[in-house]
Amino acid sequence: MEKRPENAEGPSPEERREAAERIDEARAGNERLVASLTRLWDGVVEASTQANIDDEHDPEGATVAFERAQLRDALKQARSDLEDLGRAAERLRAGEYWVCERCGGSIPGARLAARPTTARCIDCAGKPL
C-alpha cells in the first residue's frame, strides 16, 4: 500500500510512468559516466606505471597526482549518484516516492522532476539533518 500524506491525492499512472522513465534515464546516463570514468582511471593508472613521471617538476602545470585525485573524486560522486538513483527507484516501487521521508508531507512533482533522487520536501531539505 502506498504511503501518502493525509488529504493528498496520489500520483496518476502517467506521473508514475514519467517518474520511472526519469529515474531510468538518469541511471543509464550515470552508468555510462561511471564506465567512462573507470576507463579513464584505468588509463591514467596504466600510463603512470609505464612512465617516469616527475609530478613535482612538471612544466605543463597540474600534476598527475592532482589529475588522478580529481578523476577519483568524480568517479566516487558518479557512483554515489547511481546509488541515490537506486534508492529513488526503490522509493517509487514502494509507493514512497512522493512522500517526504522526514515529515511525511508531499514532495511536489516539479521538485521530483528537477531532482529525481530527492527524498525530502523543500521545507525539510533546508533543515539540518
Side-chain angles (χ1 to χ4, degrees):
M1 178 172 198
E2 181 170 317
K3 294 181 184 177
R4 281 190 274 171
E6 283 188 39
N7 302 322
E9 285 187 34
S12 70
E14 179 68 13
E15 289 171 315
R16 289 175 188 277
R17 185 187 58 73
E18 289 173 356
E21 286 176 1
R22 272 193 305 275
I23 291 169
D24 289 345
E25 288 173 13
R27 184 185 270 172
N30 260 44
E31 287 171 347
R32 287 189 301 273
L33 178 60
V34 167
S36 176
L37 290 170
T38 299
R39 284 190 301 275
L40 286 171
W41 173 262
D42 293 344
V44 167
V45 169
E46 183 178 334
S48 67
T49 62
Q50 295 177 0
N52 183 15
I53 298 173
D54 182 4
D55 269 1
E56 292 184 31
H57 302 97
D58 184 359
E60 298 298 317
T63 66
V64 173
F66 175 76
E67 291 175 6
R68 192 172 29 217
Q70 284 188 308
L71 186 55
R72 180 198 62 226
D73 291 345
L75 186 55
K76 181 179 177 182
Q77 182 63 53
R79 287 179 175 148
S80 176
D81 292 346
L82 197 54
E83 290 173 9
D84 290 345
L85 287 162
R87 282 190 288 278
E90 182 54 38
R91 286 176 44 82
L92 183 62
R93 281 189 292 277
E96 300 169 353
Y97 190 63
W98 283 267
V99 180
C100 177
E101 69 180 7
R102 191 165 197 191
C103 72
S106 295
I107 301 174
R111 177 163 171 74
L112 290 165
R115 296 185 47 97
T117 59
T118 195
R120 286 182 236 123
C121 66
I122 292 172
D123 289 340
C124 289
K127 297 176 184 174
L129 295 175

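All values below come from the heavy atoms of this structure, side chains included, with hydrogens, waters and symmetry mates left out.
- Between Glu90 and Arg93 a salt bridge is recorded (basic side-chain N to carboxylate O distance below 4.0 Å).
- Thr118 contributes a side-chain N or O that, together with a main-chain N or O of Arg120, makes up a donor-acceptor pair within less than 3.5 Å.
- Between Asn30 atom CG and Ile23 atom CD1 the span is 12.5 Å, to the nearest 0.5 Å.
- No hydrogens or angles considered: nothing links the side chains of Gln77 and Asp73 as a donor-acceptor pair under 3.5 Å.
- For Arg17 and Glu21, the salt-bridge test passes: some basic side-chain N is under 4.0 Å from an acidic carboxylate O.
- Nearest heavy atom pair, residue Ile122 against residue Arg111, reads CG1-CD, 3.4 Å.
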Item checked: Test side-chain contact (heavy atoms from CB on, under 4.5 Å) applied to Glu67 and Val44, step by step -> CA-CA 9 Å; Glu67 291 175 6; Val44 167; over 6 Å; no

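- The two residues Leu37 and Leu71 make their nearest non-hydrogen contact at CD2-CD1, 3.5 Å.
- The heavy-atom pair separating Ala113 from Pro116 by the smallest distance is O-CD, 4.1 Å.
- Residues Cys121 and Ser106 form no side-chain contact, since every pair of their non-hydrogen atoms from C-beta on lies 4.5 Å or further apart.
- Listed for the Arg91 side chain is a donor-acceptor partner under 3.5 Å among the backbone atoms of Val99.
- In plain terms, the two heavy atoms of Glu31 and Leu82 that are nearest each other are CG-CD1, 3.7 Å.
- Without hydrogens or angle criteria, Glu18 side chain to Glu15 main chain gives no donor-acceptor distance under 3.5 Å.
- A donor-acceptor contact shorter than 3.5 Å is absent between the side chain of Tyr97 and the backbone of Arg16.
- Using modelled atom types, no side-chain atom of Ser36 and backbone atom of Arg32 make a donor-acceptor pair closer than 3.5 Å.
- Residues Arg22 and Glu25 are not paired through a salt bridge, judged by the lack of any N-O separation under 4.0 Å between the basic side chain and the carboxylate.
- With rounding to the nearest 0.5 angstrom, the CG atom of Leu85 is 12.0 Å from the CG atom of Leu92.
- Rounded to the nearest 0.5 Å, atoms CD1 (Ile107) and CZ (Arg115) are 11.0 Å apart.
- Around the CZ atom of Arg102, the shell of radius 6.0 Å holds more than 12 heavy atoms that belong to other residues, nucleotides or ligands.
- For Asp84 (side chain) and Thr117 (main-chain N/O), no donor-acceptor pair under 3.5 Å exists by modelled atom type.
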